[in-house]
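What follows is a single structure, written as structure tokens, with notes after it.
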Amino acid sequence: MSRNRKILLLGVDGLIPELVERFCAEGALPNIQRLRDEGGSTRLLPYISTWGDTNFVSFLTGQAPGTSWVGQRQPPSGTGHLLELMRDAGHRAALVHFPESLVPAGERDLCFAPFWSGSGPAPMELAPACLHSTDLDRWTSTPSSEALGWPPTGTLAHHQKHNRFAIERTDDGFVALIPAHRDKPVPVMLRLDGERLRLQLARAEASLSVGEWSDWLPLADEHALEGKPAAVRFKLLDLDVANGRIDLLQSQIAAPEGSSGRPGLARRLIERHGPFISKWAVSADPDTRYFETSFEEGRYQLEWLVDSALTLLGDEGFSLFATVFRLNDETHHTCLAQCDPESKFYTASDHARYLEVIRHSYRILDDAVGRALAGCDDDTTLVLASDHGDVPNSHLCDIHRRLAEFDLCTIDGEGKPDVATSQAFLKDERGGLEIFVNRDLVPSGEIDRVQTRILKALNTWYVDTPGGERNVVALALKKQDASPLGYWGERMGDVLFAYAPGFVWGTNQRGDTVAELVTPGANHGPQVPTASTGFASNHGVAFFHGAGIRPDVELAFDTARGIQRMDSAGATFARLLGLSTDSLEGKVLEGLVESELR
């Protein structure tokens, strides 16, 4: 086996196996079809909770959540996971735009622009991606009566953005202010020039017609945010000279070098491939004005990630590159409920329009796969993989209110739990499907009794629907019984559970414990990993291609008889890199690797 063996993991948030198969059959994904024909593939069953942090940590550590899942923003250490094995063997890993719940293990590794899930903006973000307009009334926002996601206080399930800012008139034109997070706003002077718009930012200038992007414009010293070198670009979305109306998109402004641990290397990537953006300005939602720009900014980000992967693996001596691309998941959240025939929000007349938005995001991904295939050398294994799929939502569930109905949890006037006075509660960082017994209130001899009452609250939770009575919770287990699901150890909750298909974390203004949703959406995290319709499922998927991989192999996946779990990927990576798998729980995907490696 070559000592130069390398792995390029192109992780995708929420790639749905059924849609991959549909779009491949249409001929829309020729490069992913090539992965299927020339390499090996399998579906993967996610762990509870079915979201990215839990499952990409398991995927890349090669260990089940009971061993490697500490919590959001809390990377595992000392478990003998894949990245630690790589460090000990002298292999270098680059995690670029990867969940912050896992970071590289060695000082020579690279952690670049990890996802930020804490309060407030990410430290690397100097200014958010924005829409600037002279007519903000064109965006009428309808106040939502529901908040979905975990914690159930936001709008993650709908991917809504609140980033619109007014363009003001001046004596000689207009001015847009870039809203810096930790510095004073940066003015952008705008002047009409016939059917074009001239922009001046410090000493940089650009002239745009409608539909054009500017080059990246550097922020000069007098306007540098927090004293950090950075750049910004713009797209002119609309220009009505007669009425003086301007709509202007401004990219995210970021400075990821300082938090990378390897600022020199990070600067080389930016100098070679351009500024990095972690977010786009407009949601990939066909009911949102200028939604097509999400595809343009998403494509820019994905090409940047692939090009940087090839640089790090080919020129900088790294053995593993891992990233996660999120545009596909966003189109599922905004469109899947309207194009899945089993969804309550489905209409035949809207099916094609919403499905095309999803298909477009898959085509962008397919182009990136082709870009990676063209750049990989003979020692590289290219892996395209998702952490989960998606299925449509039908009902929101307020777990703390349910526990309160059984005198297990105390909630305040806003419906939030008072942990200090509650016998049972959930922790934000653990993913929303683990219930903890409050050991400050409950004596050790009473813990089993409280667990049993929690199970009663969950297992008797039903809702009436037009199709009949439905159970809200698909499964619930005490901590001591949860090891078959990959959970154990001191970190996990005292009860592990998962909602039935269609049920999602959330709250509404009425304060319902469970309620039928009024806005369309799709989800994955709270629902049982086997959730599926005839159109989509929560299953993940992985394609392996290149060095060490057998051609034209598809592993059988049967949730009733045998399944491959997320940690199987990490164990297979270890095998490809010639590392021991003794400390890993995942089973090597033996059927995919060449005989010399088995």
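Atom set for the values below is all heavy atoms of this structure, side chains included, hydrogens, waters and symmetry mates excluded. Note that the numbering runs from 1 along the sequence shown for the chain. Model, not experiment: these values are computed from the prediction.
- Taking a 6.0 Å sphere around CG of D378, one finds it holds 12 or fewer heavy atoms contributed by other residues, nucleotides or ligands.
- Geometrically, R363 does not engage F23 in a cation-pi contact defined by less than 6.0 Å to the ring centre and at most 45° from the axis.
- T533 has its side chain out of reach of P501: every pair of non-hydrogen atoms, C-beta onward, lies at least 4.5 Å apart.
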After noting the C-alpha distance and the side-chain angles of V383 and L10, does the key distance pass the side chain to side chain contact (heavy atoms under 4.5 Å, CB included) rule? CA-CA 6 Å; V383 182; L10 181 54; over 6 Å; no
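- Other residues, nucleotides and ligands contribute only 12 or fewer heavy atoms inside 6.0 Å of the CZ atom of R108.
- Centroid-to-centroid, the aromatic rings of F98 and F112 stay 6.0 Å apart or farther.
- Among all heavy-atom pairs drawn from L83 and A105, the shortest one is O-CB, 3.6 Å.
- With contacts defined as side-chain heavy-atom distances shorter than 4.5 Å, the pair E594/I549 does not qualify.
- Of the listed residues (D494, I454, L496), just one forms a side-chain contact (heavy atoms from CB on, under 4.5 Å) with I435, and that residue is I454.
- In this structure, K427 satisfies the cation-pi test against F436, with its NZ or CZ atom closer than 6.0 Å to the six-membered ring centre and inside 45 degrees of the ring normal.
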Mind running side chain to side chain contact (heavy atoms under 4.5 Å, CB included) on L44 and F59 for me, showing each step along the way? CA-CA 10 Å; L44 296 170; F59 191 99; 3.7 Å; yes
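- Counting heavy atoms from C-beta on, the side chains of N538 and V528 never come closer than 4.5 Å.
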List the steps and the verdict of side chain to side chain contact (heavy atoms under 4.5 Å, CB included) for Y362 and I16. CA-CA 10 Å; Y362 279 59; I16 297 176; 3.7 Å; yes
Give the intermediate values and the outcome of side chain to side chain contact (heavy atoms under 4.5 Å, CB included) for residues V495 and K479. CA-CA 5 Å; V495 170; K479 174 179 182 174; over 6 Å; no
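- The six-membered or imidazole ring of H91 lies away from that of F318, with a centre-to-centre distance of 6.0 Å or more.
- Aromatic ring centroids of F276 and H97 lie under 6.0 Å apart.
- Looking only at side-chain heavy atoms (C-beta outward), L327 and L302 stay at 4.5 Å or farther from each other.
- The one candidate from T381, L597, V553 that meets the side-chain contact (heavy atoms from CB on, under 4.5 Å) condition with L592 is V553.
- Between the side chains of H545 and E38, at least one donor N or O sits under 3.5 Å from an acceptor N or O.
- For the pair D387/V324, no side-chain contact is recorded, criterion being any heavy-atom separation below 4.5 Å from C-beta on.
- By the 30° and 60° cut-offs, the orientation of the rings of H388 relative to H524 is parallel.
- Between R371 and E303 there is a salt bridge, since at least one side-chain N of the basic residue sits less than 4.0 Å from a carboxylate O of the acidic one.
- Taking the ring centre of F115 as origin, the terminal cationic atom of R326 falls inside the region bounded by 6.0 Å and 45° from the ring axis.
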